[in-house]
S.K.: 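Handing you this structure, nothing more for now.
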Amino acid sequence: MIEKILQPANLSMACREVVRNKGAGGVDGMKVSELEAYLHEHRSTLTEQVRTRNYHAQPIRGKEIPKGSGKMRLLGIPTAIDRMLQQAVLRVIMPRYEQAFSTYSYGFRPLRNTQQAVSKSLHYINSGYQHIVEIDLKQFFDMVDHVLLLQLLYRKIKCKTTMCLIRRWLRAPLEKDGKLIKRRIGVPQGSPISPLLSNIMLHELDTEMERLGLRFVRYADDFSIYCKTKSEAKRAGNQVYIYLRDKLKLPINRDKSGIRRPIHFQILGYGFVAIYQKGVKGKYQLVVNRKRWKSLKAKLKEVTRKTTPMSFDERIKKLHEIQRGWLNAFKYANIKGKLTELDGWLRNRLRYCIWHHWKKLERKRKNLIRLGVPPRDAYAWSRSRMGGWAIAQSPILGTTITKARLIKRGYIPLATMFKTISKNTEMNQLFPMV
DNA sequence: CCGAAGCTCCC
RNA sequence: AAAGGGAGCUUCGG
Ligand SMILES: Nc1ncnc2c1ncn2[C@H]1C[C@H](O)[C@@H](COP(=O)(O)OP(=O)(O)OP(=O)(O)O)O1
Ligand SMILES: [Mg+2]
């Protein structure tokens, strides 16, 4: 197996992956842009070192980054060379595991996405499984037990050299502000193979849940179990909790875990609301959760700030990029109404930018006249002492810089873009060609 | 089919 | 600065 890993073609592809990620360097300071040259020069000595098990993984560089809620996430950044070798290993061992993994596991896996996970969840809920055990593991990557993991790995990987390589990556110390820290547990958040390793660990959990006959969806360390009754849910949650604690040595995150009804359940950025319709009872549909709406709004706000120096066309272009990306991520949610609401707000933001862009009183007056305001009123409004945001919401801009005019100018509202995206994906599902 | 850039999302 | 795995979309080039 190690020969397959070290094959020139495999190494080159591994190298390319690392280079195109454009990540920062590790403890040796080698930039990813220098990696290709390094490989050309030292490929034979490197591969020989690996083959003879004389290759020693370098320490990983520790770097704290903020994660949403004021907490920090400790990244473990391996050197460019280690990242390349890990990519090479990954490309070889990933397929061997893929076939074994559960169909209900969706995170970190090729050809699988959040949409599939969420659809499965919605399907369970709408089939009457509405007591949901939600579990998130505490500090998941940091808590993975090396010994246990290596045992699990050995079941499939009999190649000593490959195992040796992986063991050394797990054992590699973490360098943080000049000090080397020994690690006995944890897969580094930042190593190319870590996500796969984490799935190998939790594959055991998947197997156990399947054995218990549970309906579940797992996305990395975030998983949910769907039950018909509350007592069933309690029992399932307890069994799984015990299994994680005793067999896998993984603690759960008590705040993010519990038993929920669909309306209070959130998964992968989505939420659920009851379908309000005659003759339909106990069915739910997908919406986007509050947090994601907030972050979208914040992003749109950022590019429609008068102080952000950008031309109107640049703003539109930027807005479209953000809109397209976000809408494609949530195209399966029922969010038309909310989008229309946001569109109203966004139009006012744009009016605000335009008004501010006119700057001079005279220009304001002339532009208002050009847009059909009687000269007297135009004069009065142009001298108004109201703040920009108040003006933007006032009827004067609403009737002059109209929705139609904004659209003519090239702006595509969220709701419109959403419709187009939905239509296209619908078409693509019917005719998967083109 | 391959490559570059950009944007979004999940963990 | 800040790493990684995965998914989606857009534009451009071969
Ligand atoms: N940028 C990232 N965002 C979220 N998770 C990441 C990221 N990179 C790697 N991961 C991996 C490592 C995490 O252990 C795992 C689960 O993420 P998450 O539940 O958000 O944090 P956590 O389990 O490390 O801490 P917590 O105790 O807050 O749940 O996903
Ligand atoms: Mg967690």
Side-chain angles (χ1 to χ4, degrees), chain A residues 13-14 16-27 31-32 60-68 72-80 82-84 86-87 89-91 93-94 97-98 101 105-119 121 136-137 139-141 169 174-175 187-200 202 217-223 253 256 266-270 288-289 291-293 295-296 298-300 302-303 314 317-333 412 414 417-418 420-422 424-425 428:
Chain A
M13 276 189 280
R16 248 200 291 138
E17 296 288 311
V18 175
V19 172
R20 81 139 161 256
N21 273 342
K22 297 206 182 71
V27 287
K31 297 194 192 113
V32 292
I60 47 187
R61 183 162 65 87
K63 171 80 188 170
E64 301 238 358
I65 59 162
K67 68 168 167 185
M72 290 305 230
R73 154 171 275 121
L74 181 59
L75 297 185
I77 306 167
T79 61
D82 279 317
R83 295 215 291 271
M84 173 179 69
Q86 291 193 19
Q87 288 279 5
V89 169
L90 186 67
R91 304 176 58 84
I93 67 174
M94 178 114 100
Y97 280 99
E98 268 309 308
F101 282 163
S105 158
Y106 298 89
F108 306 133
R109 294 186 57 189
L111 307 175
R112 294 184 157 236
N113 54 38
T114 52
Q115 156 57 17
Q116 294 167 321
V118 169
S119 299
S121 171
D136 187 284
L137 302 181
Q139 295 282 307
F140 175 39
F141 275 32
W169 279 324
L174 184 129
E175 183 178 313
V187 290
Q189 302 193 36
S191 286
I193 40 163
S194 290
L196 203 232
L197 296 182
S198 81
N199 265 343
I200 290 171
L202 288 193
V217 168
R218 184 170 74 78
Y219 198 103
D221 74 330
D222 197 345
F223 61 99
N253 194 330
K256 291 197 218 161
Q266 315 236 321
I267 178 177
L268 308 175
Y270 287 83
V288 172
N289 74 24
K291 217 168 133 190
R292 315 300 144 170
W293 281 111
S295 72
L296 171 64
K299 275 178 187 160
L300 298 175
E302 169 84 31
V303 309
E314 283 170 336
K317 186 164 175 273
K318 196 88 190 146
L319 285 177
H320 286 172
E321 282 172 3
I322 295 170
Q323 294 182 176
R324 195 174 297 282
W326 195 89
L327 291 173
N328 267 304
F330 290 115
K331 61 188 163 195
Y332 298 99
I412 307 169
L414 284 157
M417 195 180 278
F418 181 66
T420 333
I421 288 172
S422 307
N424 286 344
T425 54
N428 289 339

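Lettering of chains follows the sequences in order, A, B, ..., and the numbering in each one begins at 1. Worth knowing before you read on, the calculation uses all heavy atoms, side chains too, and leaves out hydrogens, waters and symmetry mates. Computed from a predicted structure; not experimentally measured.
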S.K.: Where along residues 187-197 of chain A does a heavy atom come under 4.0 Å from RNA chain C, residue by residue in number order?
M.R.: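 Those residues are Gln189(A), Gly190(A), Ser191(A), Pro192(A), Pro195(A).
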
S.K.: Between Glu314(A) and Lys318(A), does any side-chain N to carboxylate O distance fall below 4.0 Å?
M.R.: no

S.K.: Below 3.5 Å between N/O atoms, which protein atoms pair up with nucleotides 12-14 of chain C? Just atom names and distances, please.
M.R.:
none

S.K.: Mind checking if Leu75(A) touches a base, just sugar-phosphate, or nothing, with heavy atoms under 4.0 Å?
M.R.: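 The residue Leu75(A) makes base contact.
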
S.K.: What is the distance, rounded to the nearest whole Å, between atom CE of Met13(A) and atom C1' of dC2(B)?
M.R.: 13 Å

S.K.: Counting the atoms with a prime plus P, OP1 and OP2 as sugar-phosphate, which does Ile60(A) contact under 4.0 Å by heavy atoms, base, sugar-phosphate, or nothing?
M.R.: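 No contact.
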
S.K.: Measure CD/Glu64(A) against P/A1(C) and give the value in whole Å, please.
M.R.: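 One finds 18 Å between P of A1(C) and CD of Glu64(A), rounded.
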
S.K.: Do you know which two heavy atoms are closest between Phe141(A) and Pro195(A), and how far apart they sit?
M.R.: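 Looking at all heavy atoms of both residues, the closest pair is CZ-CA, 3.9 Å.
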
S.K.: Looking at the rings of Tyr270(A) and Phe330(A), which for Trp means the six-membered one, are their centres under 6.0 Å apart?
M.R.: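 Centroid separation for Tyr270(A) and Phe330(A): below 6.0 Å.
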
S.K.: Between dG3(B) atom C1' and Arg16(A) atom CZ, what is the distance in whole Å?
M.R.: 9 Å

S.K.: Is a side-chain N or O of Thr79(A) found less than 3.5 angstrom from the main chain of Asp82(A), in a donor-acceptor match?
M.R.: yes

S.K.: Minimum heavy-atom separation for Gln116(A) and Leu111(A), please, with both atom names.
M.R.: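 Here Gln116(A) and Leu111(A) meet closest at OE1-O, 3.6 Å.
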
S.K.: Between Arg109(A) (CZ) and G8(C) (P), how many Å, whole number?
M.R.: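 To the nearest whole Å, that distance equals 15 Å.
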
S.K.: Round to the nearest Å and state the distance from Arg20(A) atom CZ to dC2(B) atom C1'.
M.R.: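 My rounded result for the distance is 11 Å.
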
S.K.: Holding to ring-ring contact (aromatic ring centres under 6.0 Å, His included), I want the full list of residues that pass it with Tyr219(A), two or more places apart in sequence or in another chain.
M.R.: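 By the ring-ring contact (aromatic ring centres under 6.0 Å, His included) rule, Tyr219(A) matches no residue at all.
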
S.K.: Could you tell me how far apart Lys67(A) (NZ) and G4(C) (C1') are, to the nearest whole angstrom?
M.R.: 15 Å

S.K.: In whole Å, what separates the P atom of dG6(B) from that of A3(C)?
M.R.: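 Pairwise P distance, dG6(B) against A3(C), rounds to 13 Å.
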
S.K.: Whether Arg20(A) and Glu17(A) form a salt bridge (side-chain N of Lys/Arg under 4.0 Å from carboxylate O of Asp/Glu) is what I want to check.
M.R.: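 Judged by the 4.0 Å cut-off on N to carboxylate O distance, Glu17(A) and Arg20(A) do form a salt bridge.
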
S.K.: Would you give a per-nucleotide map of nucleotides 6-11 of chain B, 5' to 3', where B means the base has a protein non-hydrogen atom under 4.0 Å away, S means only the sugar-phosphate does, and - means neither?
M.R.: -BSSBB

S.K.: Are the side chain of Gln86(A) and the backbone of Pro78(A) linked by a donor-acceptor contact shorter than 3.5 Å?
M.R.: no

S.K.: Please report, rounded to the nearest Å, how far the P atom of A3(C) is from the CD atom of Gln86(A).
M.R.: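 Those two atoms, CD and P, are 15 Å apart.
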
S.K.: From CG of Asn113(A) over to C1' of G6(C), roughly how many Å is that when rounded to an integer?
M.R.: 9 Å

S.K.: Report yes if at least one side-chain N or O of Asn21(A) is closer than 4.0 Å to OP1 or OP2 of G4(C); otherwise report no.
M.R.: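 Looking at the OP1 and OP2 atoms of G4(C), one of them is under 4.0 Å from a side-chain N or O of Asn21(A).
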
S.K.: With a non-hydrogen cut-off below 4.0 angstrom, is Gly107(A) in contact with a base, only sugar-phosphate, or nothing?
M.R.: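 The residue Gly107(A) makes no contact with any strand.
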
S.K.: Starting from the C-alpha separation in whole Å, work towards a yes-or-no answer on side chain to side chain contact (heavy atoms under 4.5 Å, CB included) for Phe418(A) and Trp326(A).
M.R.: CA-CA 10 Å; Phe418(A) 181 66; Trp326(A) 195 89; over 6 Å; no

S.K.: Do you know which two heavy atoms are closest between Arg218(A) and Ala220(A), and how far apart they sit?
M.R.: NH1-O, 2.8 Å

S.K.: Output every pair passing salt bridge (charged side-chain N to carboxylate O under 4.0 Å, His left out) with a member in residues 106-118 of chain A, not counting sequence neighbours, ordered by first then second residue.
M.R.: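 Output for this query lists Glu98(A)-Arg109(A).
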
S.K.: Please enumerate all residues that pass side chain to side chain contact (heavy atoms under 4.5 Å, CB included) together with Val19(A), with sequence neighbours excluded.
M.R.: Cys15(A), Leu35(A)

